[in-house]
Amino acid sequence: MNAAVTVHWAYAETDPRSQARALLRSAAAAAAAVRPVDVVIGRAASGRPELGGAATGWRAGVSHTRGVVAVALAGPRSRLSGIGVDVEEVRPLDAVTLAERWFTPDEASWVLALPPSLRPVGLLDLWTRKESAGKAVGLGLTRGGLRRPVGSPPPGTLPSTSRQLAPLPGDPELSATVLPGPPGYVLSCAVWGPDAVTVTADVAGDQRSIRDSRRE
């Protein structure tokens with residue numbers, strides 16, 4: 001069975017945290033065909049968002065960075081235990097030092113082999129996949145999450161995006177991908193569970209700033 005995942009992103013003009021919550025509420029309501037006011041948003045012990053009310057059973061993930069918020073949703077019929085999403089702004093980074101410190105030798109070699117102008121994108125390609133995978137399993141980047149292998153492309157290959165999630169090394173039930181996202185940002189999604197090997201993600205972007213829809 002193909003477990004469909006939808007990732008929504010939107011520009012955030014003010015408080016990213018509250019706007020990420022508003023985006024999650026409106027996206028979950030649309031997916032479950034209910035009113036936003038009937039969607040309850042809680043938080044699991046692991047810190048992951050937990051949907052209730054009319055959206056009970058839906059899996060959700062949330063991320064925000066300066067200027068953009070993102071959420072991921074998977075339906076209650078999918079055999080997924082968790083879902084994670086991460087979005088990061090592309091910015092000047094000491095990509096070489098960070099990759100050598102935190103990544104596997106193969107991952108660091110891939111980042112170092114990129115043209116200097118693309119190294120921050122390459123670093124964030126791996127970083128966001130690691131963080132979204134950590135969120136999917138409920139750990140984030142704790143307990144060695146940055147050292148979790150995510151499988152780097154061969155040296156000389158440029159960063160790319162795909163809607164097809166690919167299994168990560170060491171766990172056949174954990175898959176991730178870098179998705180087509182907003183310009184100037186890197187957007188990744190990961191899922192964990194028996195359906196992880198068959199997941200394809202849809203991406204929905206909104207050029208407008210998101211607003212809270214609790215009263216709609």
Side-chain angles (χ1 to χ4, degrees), residues 1-9 20 24 46-49 58-65 68-75 78-90 95 98-99 102-111 114 120-154 157-182 185-205:
M1 181 179 68
N2 184 26
V5 169
T6 303
V7 177
H8 300 259
W9 65 264
L24 176 59
S46 64
R48 289 186 296 195
W58 285 79
R59 302 290 185 183
V62 173
S63 181
H64 54 81
T65 190
V68 166
V69 295
V71 303
L73 291 167
S78 64
R79 296 185 302 160
L80 294 176
S81 302
I83 184 171
V85 63
D86 191 49
V87 61
E88 294 286 345
E89 181 185 18
V90 178
L98 290 170
W102 294 110
F103 294 170
T104 68
D106 286 346
E107 292 169 348
S109 294
W110 176 67
V111 173
L114 292 172
V121 178
L123 179 86
L124 293 174
D125 178 301
L126 299 172
W127 188 292
T128 57
R129 279 191 282 155
K130 290 171 186 280
E131 182 149 356
S132 61
K135 290 178 179 179
V137 299
L139 298 175
L141 291 179
T142 63
R143 304 183 194 177
L146 274 178
R147 303 188 188 279
R148 176 185 289 107
V150 292
S152 59
T157 305
L158 299 180
S160 62
T161 62
S162 175
R163 288 182 170 83
Q164 179 66 52
L165 279 73
L168 301 187
D171 190 342
E173 293 192 352
L174 183 61
S175 296
T177 191
V178 177
L179 294 164
Y185 293 82
V186 178
L187 175 67
S188 290
C189 176
V191 296
W192 181 44
D195 279 344
V197 296
T198 63
V199 171
T200 299
D202 291 327
V203 183

A95: side-chain contact (heavy atoms from CB on, under 4.5 Å) partners, not counting sequence neighbours | V111, R119, L123

Search all heavy atoms of G61 against all heavy atoms of P49 and return the closest pair with its distance.
-> CA-CG, 4.0 Å

In terms of heavy-atom contacts, V197 and Q164 come closest through O-NE2, 4.3 Å

Donor-acceptor pairs are to be reported for all side-chain atoms of residues 167-179 against protein atoms at under 3.5 Å, with residues two or more places apart or in another chain.
{"unit_1": "D171", "atom_1": "OD1", "unit_2": "E173", "atom_2": "N", "d": "3.0"}
{"unit_1": "S175", "atom_1": "OG", "unit_2": "A196", "atom_2": "O", "d": "2.9"}
{"unit_1": "T177", "atom_1": "OG1", "unit_2": "S162", "atom_2": "O", "d": "2.9"}

Step by step, would you call T6 with D202 a side chain to side chain donor-acceptor pair (under 3.5 Å)?
-> CA-CA 5 Å; T6 303; D202 291 327; 4.5 Å; no

At what distance, to the nearest 0.5 angstrom, does CD1 of I83 lie from CG of L165?
-> 8.5 Å

May I ask you to decide if V62's main-chain N or O and K135's side chain share a donor-acceptor pair within less than 3.5 Å?
-> yes

Can you name the salt bridge (charged side-chain N to carboxylate O under 4.0 Å, His left out) partners of E107, sequence neighbours left out?
-> K130

Heavy atoms only: give me the nearest L124-V90 pair and the separation to one decimal.
-> CD1-CA, 3.8 Å

Do the side chain of E88 and the main chain of Y185 share a donor and acceptor less than 3.5 angstrom apart?
-> no

Find out whether L158 and L114 are in side-chain contact, i.e. whether some heavy atom of one side chain is under 4.5 Å from a heavy atom of the other.
-> yes

Just jot down the salt bridge (charged side-chain N to carboxylate O under 4.0 Å, His left out) partners of R129, sequence neighbours excluded, or say none.
-> D125

Can you name the side chain to side chain donor-acceptor pair (under 3.5 Å) partners of S132, sequence neighbours left out?
-> none

Which value, rounded to the nearest 0.5 Å, describes the distance between C189 atom SG and L187 atom CG?
-> 8.0 Å

Exam field: side chain R59 to backbone L80, donor-acceptor pair closer than 3.5 Å = yes

Applying side chain to side chain contact (heavy atoms under 4.5 Å, CB included) between W9 and each of V203, V85, V71, V69, report the one that passes.
-> V203

What pair of heavy atoms forms the shortest contact from V199 to D195, and how long is it?
-> CG2-O, 3.2 Å

Taking only residues two or more places apart in sequence, or in another chain, which ones meet T157 in a side-chain contact (heavy atoms from CB on, under 4.5 Å)?
-> W110, P153, P154

Taking all heavy atoms of F103 and all of W127, pick out the closest pair and write down the distance.
-> CZ-N, 4.0 Å

Atom OG of S63 and atom CG of L24: how far apart are they, to the nearest 0.5 Å?
-> 12.5 Å

